[in-house]
Amino acid sequence: MNVLLSRKDTIRFLILSELMVNPECNQRDIAKKLGLTPQAISEHFKEMVSEGFINVVHKGYYEVTRKGEEWMSRNLIDLHLFSEELLKKIYSKTVVAIAKGKIAEGDSVRYWFGDGYIFAEKSAKGNGVALTSAEDGEDVLIKPTGSFEPPEKGEIVIVKVPGVAEGGSRKVDLDSFRELVKSRPTSIVVAIGIEALVTCRKIRVEPIFFGAKDVCIEAAHHGSGVVVACTESMLNDLLRSLIDEGLEFEIKEFVKT
């Protein structure tokens, strides 16, 4: 990154850039654009001619040599990689949220975690600035300007479902299970095991089935509540994973009497 660390290389880079973009420009034009005195720009040109970076076309006018182009190419690649990494770092400091109400670019906004998602609304005493405009319910890009509370872990409620040999879904008190799901309208519902899947469908809920354990863990880490219908034979594996992740849970058993 010498082109950014050395003033001499920075000016050389800018001069070569001007000559490549606008071959008709002369020393005076470049000096004016870069804010340099005629004497200073003349010294830079003399050095670049002697080092083979540029050739004299006629008095005051120059062209970039192959050596100059190769030097530019190397430094442009370095700058590209540097700027690409910098943009990633800058972008990583932004937040994508769901708009609550209409938000215009430049508005002061308050953003927060809720049910596993990040929401934002227009607020004079906010903790961020909107970088894009959005209608209610649309995605909006936020630049944080203040503190932001990370989400608390989501509540995990596990409903144990007997294996099919012990009665499976037929042994579950469906009314109690239905009331549990209704009492947590913002929680996601996942099913682990076929018996658990059928139990959910009997109360007219289509749960997340494939990858259910991973979904449960990720959702809880993001602050979303989760209701897990889990076949008894798969319960120990689920509990080990939740304990390893440091997630708390509650186990319920709705058995018909």
Passes salt bridge (charged side-chain N to carboxylate O under 4.0 Å, His left out), K33 versus E18? Steps please. CA-CA 9 Å; K33 188 165 186 177; E18 287 298 316; 3.1 Å; yes

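- Among all heavy-atom pairs drawn from T37 and A31, the shortest one is O-CB, 4.4 Å.
- Side-chain contact check for K143 and T94: no donor-acceptor pair (N or O, by modelled atom type) lies under 3.5 Å.
- Residues I142 and A120 share a closest heavy-atom pair of CD1-CB, 4.1 Å.
- The nearest pair of heavy atoms linking C230 to I158 is CB-CG2, 4.1 Å.
- With salt bridges taken as basic N to acidic carboxylate O contacts below 4.0 Å, one links E250 and K252.
- Side chains of S108 and K122: a donor-acceptor N/O pair is absent below 3.5 angstrom, by distance only.
- The environment of CD in E138 is crowded: more than 12 heavy-atom neighbours from other residues, nucleotides or ligands sit within 6.0 Å.
- Among all heavy-atom pairs drawn from R110 and N127, the shortest one is CA-OD1, 3.3 Å.
- I217 is connected to F249 through a chain of hydrophobic side-chain contacts under 4.5 Å among Ile, Leu, Val, Met, Phe, Trp and Tyr, so both are in one cluster.
- How far OG of S224 is from OH of Y117: 6.0 Å, rounded to the nearest 0.5 Å.
- A chain of hydrophobic side-chain contacts below 4.5 Å, direct or via other Ile, Leu, Val, Met, Phe, Trp or Tyr residues, connects I243 to V215.
- For the 3.5 Å distance criterion, the side chains of E195 and S169 fail to qualify, holding no donor opposite an acceptor.
- In this pair, F53 and W71 present their aromatic rings perpendicular. The plane angle is above 60°, beyond the 30 to 60° band.
- Between the side chains of E24 and Y61, no donor-acceptor pair is found at a separation under 3.5 Å.
- Of the inter-residue distances, the one linking E155 atom CD with R184 atom CZ reads 4.5 Å to the nearest 0.5 angstrom.
- Between Y62 and F45, the distance separating the two ring centers is shorter than 6.0 angstrom.
- Nearest heavy-atom pair, L180 versus V157, reported as atom, atom and distance to 0.1 Å: CD2-CG1, 3.9 Å.
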